[in-house]
Amino acid sequence: MKEMLFEQVKSIGLAQYSYVVGKADEALVVDPRRDVEVYLDLAARQGYRIRYVLETHRNEDYLTGSLELAARTGAEIWHADAQLNYQYGQGVEDGQTWRIGGLTMEAMHAPGHTEGSMAYVLQDTDGRPWMVFTGDALFAGDVGRTDLLGEQRLAEMTGRLYHTLFDKILPLGDEVMVCPAHGVGSACGTAQMADRPLTTIGIERRSNSMLATSDKTEFVANAARVLERPPYFRTMERLNLSGPPISGAVPIPTPLTVAEFDQARAECRVIDTRMELGFNAAHVPGSLFLWVDGLSHFAGWFLDYNRPLLLVGEEASLHEVSTYLYRIGFDQVRGYLSGGMRAWHTSGRESDGIGMVSVKGLCRLLDEEAGIWLLDVRAEEEIAAGGAIPGAHNIHLTQLPLHLGEIPTDRPIYLFCGSGMRSTIAASILRNHGLRDLIVVRGGTSGWSSTKCPLQ
């Protein structure tokens, strides 16, 4: 007899989790991402047929793979938020069940994050709750955001999340495993999310500060938060109602000669996915820096769906880059620079660069000189936890395009974050808006040692 199939599939950058559950030759997938080969491989390797695809809510931060998976397996699609105008699948009803082998999966209406959110409770062969797939209702260390329907409905939706958590999920029992839709780094939670990919109701009851009170008024006061909303969320919401195009596979970027690449630059956005030291040393003029592992998190903030993309990076990583872009709907990748920056330079073309200074070098400058203009692109909660530099100007990276007029143009600008990666994104944005005298602080605040300007 086959062992039960259970697999959590993690999407790097998006911090998104999907799940495969199988028993006795049948399997289902919860919240699949757009590139579905991982689910097909898992099922095929162990001899399972994917029968059902279940969605916990209409996702905002990535494109669902439900249609793609159904086209390749014949699986039934069941989506939450049935009040919305879906163009595919069938709407889930509260209490609906699915059987896989001897196991039962039951839908449980779990509003709060969205109006029609569903959690799915997996019961064991004796009918007892075993796992709960909570979507964006409950995370490890946090609860889901409730501001997506607007600030005017924030208190209402947070109150509905309270009832979802305290009247439905927590009563399932402390021993029940919690399988959330997101982990640390997701835009659907906050920095207090814990680094527990899987957890239990008991662990969350004891350690999740958002569950520390069972008083509804106090819970709403704590959990009713207006968080940053990446601009690409709107596109994801729209496409996840119609269903993204069925493509069969992640598109492979086309190699372009230097001349072809240069000619295409006029109508395309150039994305450089190398590490920050290589980008700052030399890059194609006009490039936006988005390193590979940061691509999923930041592309949706700074890229335009209506403008084709050109890539510069290590050729071995370009399929990974295309995959990350594909998951959030950036399909218009025109090609990549064959031969990379070496080919660009040997063709005689000019490159651009960003100044750099070590963190200790900046510390010495601060101790020796006055009036240095520092731009800190970390988030407010990050500064509160890690310390602020007195006199630094804080503009969170994701808000920088809205505050360009606040950056002086008559003096050097020193940019820093926690490591130097996000400050290089910021420098590439400022360079493309005409600022020239930019210096990225290598190492960020991690190695801070200024005597006159200690971290506070």
Side-chain angles (χ1 to χ4, degrees), residues 15 17 56-58 60-61 80-81 83 92 94-95 106-123 128-229 379-385:
Y17 299 148
T56 58
H57 61 289
R58 192 270 303 273
E60 312 85 19
D61 57 323
D81 290 303
Q83 79 281 1
V92 175
D94 188 26
E106 182 176 355
M108 182 170 66
H109 188 212
H113 179 66
T114 65
E115 289 188 287
S117 289
M118 289 285 173
Y120 297 101
V121 181
L122 183 68
Q123 302 169 2
R128 294 186 295 260
W130 183 9
M131 304 179 190
V132 57
F133 300 84
T134 54
D136 282 25
L138 177 62
F139 304 129
D142 201 1
V143 297
R145 62 188 297 175
T146 55
D147 61 335
L148 295 177
L149 296 182
E151 195 167 354
Q152 71 280 2
R153 296 190 63 185
L154 181 60
E156 172 203 345
M157 297 306 294
T158 309
R160 297 183 75 178
L161 181 63
Y162 169 85
H163 289 294
T164 289
L165 294 169
F166 286 90
D167 297 342
K168 296 183 177 183
I169 293 177
L170 295 183
L172 291 173
D174 284 358
E175 72 282 0
V176 173
M177 183 183 298
V178 173
C179 304
H182 294 287
V184 173
S186 169
C188 295
T190 69
Q192 70 184 47
M193 224 184 253
D195 191 12
R196 295 190 293 270
L198 294 171
T199 184
T200 68
I201 288 177
I203 292 173
E204 295 313 305
R205 195 192 302 273
R206 293 190 300 272
S207 61
N208 189 327
S209 64
M210 302 304 290
L211 304 178
T213 177
S214 59
D215 179 77
K216 181 178 179 180
T217 301
E218 188 176 348
F219 174 85
V220 171
N222 292 335
R225 306 160 292 187
V226 177
L227 305 179
E228 286 189 320
R229 188 179 186 134
E380 289 183 5
E381 60 267 23
E382 191 179 353
I383 294 173

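This structure is a prediction, so every number in the text was calculated from the model and none was measured.
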Heavy atoms only: give me the nearest [X]-[Y] pair and the separation to one decimal.
{"X": "Met118", "Y": "Ala80", "result": "CG-CB, 3.7 Å"}
{"X": "Asp215", "Y": "Thr213", "result": "N-OG1, 3.0 Å"}
{"X": "Val176", "Y": "Pro129", "result": "CG2-O, 3.6 Å"}
{"X": "Gln123", "Y": "Glu106", "result": "NE2-OE1, 2.9 Å"}
{"X": "Lys216", "Y": "Gly159", "result": "CE-CA, 3.8 Å"}
{"X": "Thr164", "Y": "Ala137", "result": "CG2-CB, 4.2 Å"}

Margin query: Go through it in stages, so that I can follow the logic: the residues are Lys168 and His109, the test is side-chain contact (heavy atoms from CB on, under 4.5 Å), and I'd like the CA-CA distance, side-chain angles, deciding distance and then a yes or no.
Written below: CA-CA 9 Å; Lys168 296 183 177 183; His109 188 212; 3.9 Å; yes
Rounded to the nearest 0.5 Å, what separation is found between the [atom1] atom of [X] and the [atom2] atom of [Y]?
{"X": "Thr200", "Y": "Leu172", "atom1": "OG1", "atom2": "CG", "answer": "12.0 Å"}
{"X": "Asp136", "Y": "His57", "atom1": "CG", "atom2": "NE2", "answer": "3.5 Å"}
{"X": "Arg128", "Y": "Glu175", "atom1": "CZ", "atom2": "CD", "answer": "9.0 Å"}
{"X": "Cys188", "Y": "Phe139", "atom1": "SG", "atom2": "CZ", "answer": "6.0 Å"}

Identify, with sequence neighbours excluded, every residue that meets side-chain contact (heavy atoms from CB on, under 4.5 Å) alongside [X].
{"X": "Gln83", "result": "Asp81, Glu115"}
{"X": "Thr146", "result": "Leu154, Met157, Thr158, Leu161"}
{"X": "Ala15", "result": "Ser186"}

Margin query: Applying side-chain contact (heavy atoms from CB on, under 4.5 Å) to Ile169 and Met108, what does each step give before you reach the verdict?
Written below: CA-CA 9 Å; Ile169 293 177; Met108 182 170 66; 3.8 Å; yes
Checklist line | side chain to side chain donor-acceptor pair (under 3.5 Å) partners of Glu381, counting only residues at least two apart | finding: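 By the side chain to side chain donor-acceptor pair (under 3.5 Å) rule, Glu381 matches no residue at all.
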Next item on the list: Please answer whether the main-chain N or O of Leu170 pairs with a side-chain N or O of Arg205 as donor and acceptor at a distance below 3.5 Å.
Entry: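 Checking the backbone N and O of Leu170 against the side chain of Arg205, a donor-acceptor pair under 3.5 Å is found.
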Notebook entry, point to check: So, the side chain of Asp147 versus the backbone of Leu227: is there a donor-acceptor pair under 3.5 Å, distance only?
Noted result: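 Yes; judged by distance alone, with no hydrogens or angles, the pair exists.
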With heavy-atom distances below 4.5 Å as the criterion, would you say the side chains of [X] and [Y] are in contact?
{"X": "Asp142", "Y": "His182", "answer": "no"}
{"X": "Pro197", "Y": "Tyr17", "answer": "yes"}
{"X": "Pro180", "Y": "Glu204", "answer": "no"}
{"X": "Leu211", "Y": "Leu138", "answer": "yes"}
{"X": "Ser117", "Y": "Thr56", "answer": "no"}

Next item on the list: Show your working on side-chain contact (heavy atoms from CB on, under 4.5 Å) between Arg58 and Thr114 and close with a plain yes or no.
Entry: CA-CA 8 Å; Arg58 192 270 303 273; Thr114 65; 5.6 Å; no
Margin query: Are there over 12 heavy-atom neighbours, none belonging to Gln152, within less than 6.0 Å of that residue's CD?
Written below: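 For Gln152, atom CD is crowded (more than 12 foreign heavy atoms under 6.0 Å).
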Checklist line | Phe219: partners by ring-ring contact (aromatic ring centres under 6.0 Å, His included), with sequence neighbours left out | finding: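 Residues passing ring-ring contact (aromatic ring centres under 6.0 Å, His included) with Phe219: Tyr162, Phe166.
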Margin query: List the residues meeting salt bridge (charged side-chain N to carboxylate O under 4.0 Å, His left out) with Glu156, not counting sequence neighbours, and say none if there are none.
Written below: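 Arg153.
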Next item on the list: Any chance you could lay out the side-chain contact (heavy atoms from CB on, under 4.5 Å) test for His113 and Thr134, step after step, and finish with the verdict?
Entry: CA-CA 11 Å; His113 179 66; Thr134 54; over 6 Å; no
